Amino acid sequence: DGAFTMIDVDTALVSTTLLPHWFLEELKARGIRAIDILPEDDAFTPNCLAVRPGRVIISETSEATLERLDKAGIDVIPIAYKNVYASGGGIHCTTAPLIRDPV
C-alpha cells in the first residue's frame, strides 16, 4: 500500500524510490502506466483508495501528485488526512476491503 496502488485498469500510482526496478519493468511489460509520486509529497501518498477504475480518494496534502493525476485523466477526491498520517497509516490502511465487480 505504501509503494504501489492500482488506480485504474491500466494505471498504477507508484513510488519508484521504494519499488525494485524489476517490478517497474514488469508493470511496463504488462502495459500498466506508472504514475510516480513526487518527492515533495508525503510518503503515504500511494496509500490511497481506488473507489472505481480511474477514481481515487487521496490526501489533499499531496498537491503535486494530485495535479499529476488530474493531468493523467484520473478523477481525484482530495480529503483532509494530514492528522491521520501522524498515527502511522494511510487512507487504504484505514478502510475496510471493498468488494468490487470484475472489470
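Just so it is clear, the model here is predicted, and its values are computed rather than measured.
- Atom CD of E25 is separated from atom CH2 of W22 by 11.5 Å, given to the nearest 0.5 angstrom.
- Between F4 and L27 there is a side-chain heavy-atom pair separated by less than 4.5 Å.
- From L66, atom CG reaches atom CD1 of I77 across 11.5 Å, with rounding to the nearest 0.5 Å.
- Summarising the geometry of T45 relative to S62, their closest heavy-atom pair is OG1-OG, 2.7 Å, with the distance given to 0.1 Å.
- Rounded to the nearest 0.5 angstrom, D10 CG and R33 CZ are separated by 6.0 Å.
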For this session: Before giving the answer on side-chain contact (heavy atoms from CB on, under 4.5 Å), spell out for L69 and I58 the whole-Å C-alpha distance, their side-chain angles and the decisive distance to 0.1 Å.
Result: CA-CA 10 Å; L69 290 170; I58 191 167; 3.9 Å; yes

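- Inter-residue side-chain proximity for K71 and E67 is flagged as met; some heavy-atom pair is nearer than 4.5 Å.
- Separation of atoms CG (L49) and CD1 (I7) is listed at 12.0 Å; rounding is to 0.5 Å.
- The closest donor-acceptor contact from the side chain of R68 to the backbone of D36 lies under 3.5 Å.
- Connection of L18 to V14 is not established within any shared hydrophobic cluster, with ILVMFWY side chains joined at heavy-atom distances below 4.5 Å, either directly or through further cluster members.
- For M6 against A50, the heavy-atom pair with the smallest separation is O-CB, 3.5 Å.
- One finds the CD1 atom of I57 at 13.0 Å from the CD atom of E60 (value rounded to the nearest 0.5 Å).
- L13 places a side-chain heavy atom less than 4.5 Å from the side chain of T65.
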